[in-house]
There are 2 protein chains.
Amino acid sequence: MVKITDVARHAGVSPSTVSYALSGKRPISEETRQRVEDSIRELGYRPHAGARALASSRSNVLALVVPLRAGIHVPVVMQFAVSVVTAARRHDHDVLLLTQEEGEEGLRRVADTALVDALIVMDVQLHDRRLPLLRGLDRPSVLIGFPAEPAGLTCIDLDFKAAGELCVEHLAGLGHRVIGLVGSPPEVYVRETGFAQRVVQGFTAAADRNGLSSSVHPCEADPAAARQIAEQLLRERPALTGVVVHNEPILEPLIDAFEALGLRVPGDLSVTAICPDELAGRVRVPVTSIAIPAAEVGAGSVELLMKKLGGAPVPQATLLPPRLTLRASTRPRP
Amino acid sequence: MVKITDVARHAGVSPSTVSYALSGKRPISEETRQRVEDSIRELGYRPHAGARALASSRSNVLALVVPLRAGIHVPVVMQFAVSVVTAARRHDHDVLLLTQEEGEEGLRRVADTALVDALIVMDVQLHDRRLPLLRGLDRPSVLIGFPAEPAGLTCIDLDFKAAGELCVEHLAGLGHRVIGLVGSPPEVYVRETGFAQRVVQGFTAAADRNGLSSSVHPCEADPAAARQIAEQLLRERPALTGVVVHNEPILEPLIDAFEALGLRVPGDLSVTAICPDELAGRVRVPVTSIAIPAAEVGAGSVELLMKKLGGAPVPQATLLPPRLTLRASTRPRP
DNA sequence: GGGGGTCGTCGAAGCGCTTCGACGGGGGAA
DNA sequence: TTCCCCCGTCGAAGCGCTTCGACGACCCCC
């Protein structure tokens, strides 16, 4: 193994000069820097990560905690992970993969052993058990998702309230006057990740603002429930012409159910959804939708961490603006 | 930060004794060991990962390279990753996540900087550009998948040949005499990962062995192609009663196409597939299938690496036996 | 009863890097 | 011309851990 002293000898300088030439933490003449770089290339030198971490108390590794719970949309998680890795590499950092299964102990372990410099935690629950730990850790962290009490933490996510609003604005802009939100299963509104509530807030606020008649319908995640909701809507709100769906598994079944009841999408009924693009695009009638901007969230969380590691202040909450992708499922009210 | 000398002082022993008590590399009396452990707990000691890595030249970190290419089934990748992490933790190792995008340079980097002790590479191509590098690296590696020339490497994967055979045996056992394989797109058989060929080999061999009439049909991954294949099969092989599908995206469209042509599954036609359970289970007619045993492969690759790190010899090839899950799509020939 | 092992522990030497203080030399200001 | 300061470089001191050799103490066997 070639080490820094080898490079130093080869370049005719001291080891510290090599180090400074590499890190740029002290001025080095252009000429020596060049010589050092040549030696490095020639000898194929790579600084030993452990030695570096020990001496500098920086490992240049970030921890990423990925969720395992059922009901998580896996491709989206993977998108997060990939964008985190890519963004981290841009800052000369690597990513250590942790599963949620490891829990608090795992977080404490990688932080306390100085294996990682900072942590990214995905799929944060409203009352996540890891929050006190993260607050107390001596290493910075960023949460993807918002807990009930984000004080003392740094969080980033899609602005779900704005997403709810945007769906409504879109429908309102197309002239729809009576709309409904078909939401997540009831239990999601109680515990879980809190984004569900925020969609409802945005939906309701925007509907009121636009003078629309609106209603909200939590729905279990199975086709039978979807059919039932469809029938109910038809019966109770016959003037309905716009629907917002925030419940991935039933998006397609719900559309099927409406069509089975004689409502054409988008002819009689416009449908928008908040769901991964991948899903919205492969439904029989491609659905106008707002996606989770996984790549942006992942990259954003890394940027936040880098700022924190650099000692810069960061906002406590970062809300990414929703973007609506137009597809075939919405059109002006007949 | 509490360090090993603090523990040593607290327990009234030397630092080396603490180290030995922790690693077990030298005998330590039960009594001192107990005292050391108590001190560790009381002080909340965690060995510094970097220092440990530097002194022992072991980082206790494995690299996992995940694929990004289109056409990769993401949930399966995630299953691999999770099982690798879980298995690694059982051996007191962590997992560094690399994307394929980093390429050879990334592998070299994490290996040469001693960031990782060993590497797991997923989605290995027949003529993977990384192979020479992996052969030359001073760190052990395991490939998930088989390249054309596996000499000097350690590979693990589902035994795709046996999977092809098992599908045929199953159909033969049900009395089917005329069967077809609907395979991956033609280009997959040329370059790519090579498992496609192996399925064909197994399929053909088992069909011949059982005296069945068989045919193989590569198929593009879109519904139109599926319909075309269905029509072609019906026309050219009217006695066909069994089909093996090795092409995830068209599994459902193909069944739809058969039914549209008046063939009921499994009434008139038995269908088996090689595909993730998740897909096989959610098709309208749940499909009898052989899954990629992602969890086993992931865990197996870690076990292989641990053996290699321990200096033990490991087989060059590890083929996991296929397992057939019976579902609704196959039944005895009428 | 003495020699040879083994057991349990210690001290010290490093692992390869970063960083701090120091220092010579040259340029600018006075 | 002198003084000061900054630029560019060096040497040395660690960072916190593992590991090697050494060394009593004790036991066993002949």
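In what follows, chains carry the letters A, B, and so on, assigned in the order in which the sequence lines appear, proteins first and then strands, with residues in each chain numbered from 1.
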**Q** Go through the structure and list residues passing side chain to side chain donor-acceptor pair (under 3.5 Å) with Ser19(B), not counting sequence neighbours.
**A** none
**Q** For Leu22(B) and dC17(D), give me the distance from atom CG to atom C1', rounded to whole Å.
**A** 11 Å
**Q** Are more than 12 heavy atoms from other residues, nucleotides or ligands located less than 6.0 Å from atom CD of Glu101(A)?
**A** no
**Q** Is Arg323(A) atom CZ crowded by more than 12 heavy atoms from other residues, nucleotides or ligands, each under 6.0 Å away?
**A** no
**Q** Could you tell me how far apart Leu54(B) (CG) and dT18(D) (C1') are, to the nearest whole angstrom?
**A** 10 Å
**Q** Within residues 2-9 of chain B, find the residues that approach DNA chain D with a heavy atom at under 4.0 Å, and present them sorted by residue number.
**A** Lys3(B), Ile4(B)
**Q** Would you mind reading off the bend of the helix from dG1(C)-dC30(D) to dA30(C)-dT1(D) from its two end axes, five pairs each, to 10 degrees?
**A** 30°
**Q** For nucleotides 5-12 of chain C, read 5' to 3', which letter fits each nucleotide if B means a protein heavy atom sits under 4.0 Å from the base, S means only the sugar-phosphate is that close, and - means neither?
**A** ---SBBB-
**Q** For Phe80(A), check ring-ring contact (aromatic ring centres under 6.0 Å, His included) against everything at least two apart and list the hits.
**A** none
**Q** Is a donor from one side chain sitting under 3.5 angstrom from an acceptor on the other, for Thr86(A) and Ser83(A)?
**A** no
**Q** Taking all non-hydrogen atoms of both residues, which atom of Ile120(B) and which atom of Leu305(B) are closest, and how far apart?
**A** CG1-CD1, 3.4 Å
**Q** Tell me whether the side-chain N/O atoms of Lys25(A) come closer than 4.0 Å to OP1 or OP2 in dT18(C).
**A** no
**Q** I need the CZ-P distance between Arg46(B) and dC15(D), as an integer number of Å.
**A** 22 Å
**Q** Would you mind reading off the distance between Leu43(B) atom CG and dG16(D) atom P, rounded to a whole angstrom?
**A** 15 Å
**Q** Does atom NZ (Lys307(B)) have a neighbourhood of more than 12 heavy atoms from anything else shown, all under 6.0 Å?
**A** no
**Q** Could I get the full list of side chain to side chain donor-acceptor pair (under 3.5 Å) partners for Asp117(A), not counting sequence neighbours?
**A** Ser59(A)
**Q** Rounding to a whole Å, what distance do you find between Met1(B):CE and dG14(D):P?
**A** 18 Å
**Q** So among Leu131(A), Leu134(A), Asp128(A), which one has a side chain to side chain contact (heavy atoms under 4.5 Å, CB included) with Val121(A)?
**A** Leu134(A)
**Q** Answer yes or no: is there a donor N or O on one side and an acceptor on the other, between the side chain of His91(A) and the main chain of His93(A), under 3.5 Å?
**A** no
**Q** Salt bridge between Glu105(B) and Arg109(B), side-chain N to carboxylate O under 4.0 Å?
**A** no
**Q** Contact class for Ser19(B) vs. all strands (heavy atom < 4.0 Å): base, sugar-phosphate, or nothing?
**A** base
